[in-house]
Amino acid sequence: GILSVSAALGQDATNSAKAAYDALSSGVQAGDAVAFLGVAGKAATAGLSSMDVAGKALTVTLNSFNLNASETTAVSDAMFAAANVGVTTFDELAQSFGGVASIASASGAGYKETLAVLAQITTKGVGTSEAVTQMKAAFTALSKPTEDVKASLEAAGFASAEAAIKQKGLAFVLNLVKQTSIDTGKPLIELVGSTEAVNAILTTTGDNASQTAAKISALESSAGATASAFDLISETPAQKMAVLRSSVSNLVITLGNALLPVLGALLDGVNPLIQGLTRFASGVLVPLASAFSALPGPIKIVIAGMAGLI
């Protein structure tokens, strides 16, 4: 269950429960939820992130690219591989990738190639969130190509950029746009309409094309990247302490849940007594106190003295 997964991975139980809720709300089936949490937890631990951030990134990617929950590990592996070949981290990718995932999928790109191109852009001094913005701009430009880009696509045998991406890949189309600029003598800004899209193309094509291809190849063979990263961090003293803290915290939760029926029954038994004492205090003691306060001073002194003799 959620507690056992969070304890084993040193993750906060509350974040784990939130991740489970988000996963179920995002379409992960109940039967796949624990396995999904296991992957999200390993990713969060190895990527120095939180369970809910990792979980959201995985569900967004699964949904955007129409993947089954059984591919959760593959998605996580690709993200770690992208972090390894780019100048970024799993946590940065997890928080930013959703910004480009949907349009990438709609444009015909796969999640691995999209992550690889994103990683390539980050190697050129571009932050992860800005790299996502640049890629989004490039996809937007490709969805409404200029006449020159259309002509190049048609000459290559494709009716649209989406068709070309599906058959030949994103890198092929980005290089095609760059070559169109060279062949027509027109600056890239005229062909793609924004500096963000221009930067995405410049950092991934031409002299950078071989680097992009190498990263795409690396992500195609990214299986096991999550496990490797997790194995490294699981042996650190900090992670072992996190597991201990999580285990103790979850033990308190478990004991509390077990004792709730007993405490409930005890409160049910004590509550009538408390209510009776309350009624006695309000019906007898309060009037007596009021009556005593109303007595003349000398009588109060006498009564107080007699009380002291008892």
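What's counted below: heavy atoms across the whole structure, side chains too, no hydrogens, waters or symmetry copies.
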Spatial distance of atom CE (M79) from atom CG (L93) [nearest 0.5 Å]: 6.5 Å
Please list, chain by chain and in numerical order, all residues satisfying side-chain hydrogen bond (donor to acceptor under 3.5 Å, both in side chains) with K215, sequence neighbours excluded. Q120
Expected output: side-chain T45 to main-chain G41 donor-acceptor under 3.5 Å: yes
Quick check on E190: does its CD atom have over 12 non-hydrogen neighbours (other residues, nucleotides or ligands) under 6.0 Å away? yes
Hey, does the side chain of S222 reach the backbone of L219 with a donor-acceptor pair shorter than 3.5 angstrom? yes
Between atom CD of Q134 and atom CG of L202, what is the distance when rounded to the nearest 0.5 Å? 9.5 Å
Modelled atom types, side-chain donor and acceptor of S70 and N68, under 3.5 Å: no
Looking only at non-hydrogen atoms, find the nearest pair between A197 and S194 and report the distance. N-OG, 3.2 Å
Where K136 and I103 come nearest, the two heavy atoms and their spacing: O-CD1, 4.0 Å
Ignoring hydrogens, what is the shortest heavy-atom contact between V85 and A218? Give both atom names and the distance. CG1-CB, 4.1 Å
Does the distance from a Lys or Arg side-chain N to an Asp or Glu carboxylate O, for K166 and E162, drop under 4.0 Å? yes
Would you find a donor on one side and an acceptor on the other, under 3.5 Å apart, between the side chain of T72 and the backbone of A69? yes
Do the rings of F172 and F158 sit parallel, tilted or perpendicular, given the 30° and 60° boundaries? perpendicular
Side-chain heavy-atom pair L142, V173 within 4.5 angstrom cut-off: yes
Summary of salt bridge (charged side-chain N to carboxylate O under 4.0 Å, His left out) pairs that have at least one residue in residues 76-91, sequence neighbours excluded: none
Partners meeting side-chain hydrogen bond (donor to acceptor under 3.5 Å, both in side chains) with E196 (sequence neighbours left out): none
Heavy-atom nearest pair, A57 first then T61, reads O-OG1, 2.8 Å
Taking S102 for its side chain and G98 for its backbone only, find out whether a donor-acceptor pair lies under 3.5 Å. no
Same cluster (ILVMFWY, side-chain, under 4.5 Å), L62 and V53: no
Check: L67 and Y111 side chains under 4.5 Å, non-hydrogen atoms: yes
Are V117 and V75 joined in one hydrophobic group, where the rule is that I, L, V, M, F, W and Y side chains link up if heavy atoms are under 4.5 Å apart? yes
Kindly work out whether a path of hydrophobic side-chain contacts (I/L/V/M/F/W/Y, heavy atoms less than 4.5 Å apart) joins I216 to M135. no
Distance col, row T212:OG1 vs I121:CD1, nearest 0.5 angstrom, shows 8.0 Å
Backbone N/O of T59 and side chain of N63: donor-acceptor pair under 3.5 Å: yes
What donor-acceptor contacts under 3.5 angstrom involve side-chain atoms of residues 124-133, with partners at least two apart or in another chain?
| from | atom 1 | to | atom 2 | distance (Å) |
| --- | --- | --- | --- | --- |
| K124 | NZ | N208 | OD1 | 3.0 |
| K124 | NZ | Q211 | OE1 | 3.2 |
| T128 | OG1 | T88 | OG1 | 2.6 |
| T128 | OG1 | E92 | OE1 | 3.3 |
| T133 | OG1 | S129 | O | 3.2 |

Find the distance between CG (D183) and CG (D148) and round it off to the nearest 0.5 Å. 10.0 Å
Short question: side chain of S217, backbone of A213 - any donor-acceptor pair under 3.5 Å? no
Kindly say whether A44 contributes a backbone atom to a donor-acceptor pair with the side chain of S49 at under 3.5 angstrom? no
Supply the atom-to-atom distance T204 OG1 to L174 CG, rounded to the nearest 0.5 angstrom. 4.5 Å
Applying side-chain hydrogen bond (donor to acceptor under 3.5 Å, both in side chains), can you list everything that pairs with K144, at least two apart in sequence or on another chain? none
Is it true that V177 and L118 fall in one hydrophobic cluster, defined by side-chain heavy atoms closer than 4.5 Å? yes
Transitive ILVMFWY side-chain link V100 to V60, under 4.5 Å: no
Within a reach of under 6.0 Å around NZ of K178, are more than 12 heavy atoms found that belong to other residues, nucleotides or ligands? yes
Using a 6.0 Å cut-off, check whether atom CD of Q167 has over 12 heavy atoms from anything other than its own residue. no
Which heavy atom of S76 sits nearest a heavy atom of T226, and at what distance? OG-OG1, 2.7 Å
Locate the shortest heavy-atom distance separating G86 from T123; write the atom from each residue and the value. CA-CG2, 3.9 Å
List for me each residue that meets ring-ring contact (aromatic ring centres under 6.0 Å, His included) alongside F80, sequence neighbours excluded, and say none if there are none. F90
Taking atom CZ of F97 and atom CG of L58, what is their separation to the nearest 0.5 Å? 11.0 Å
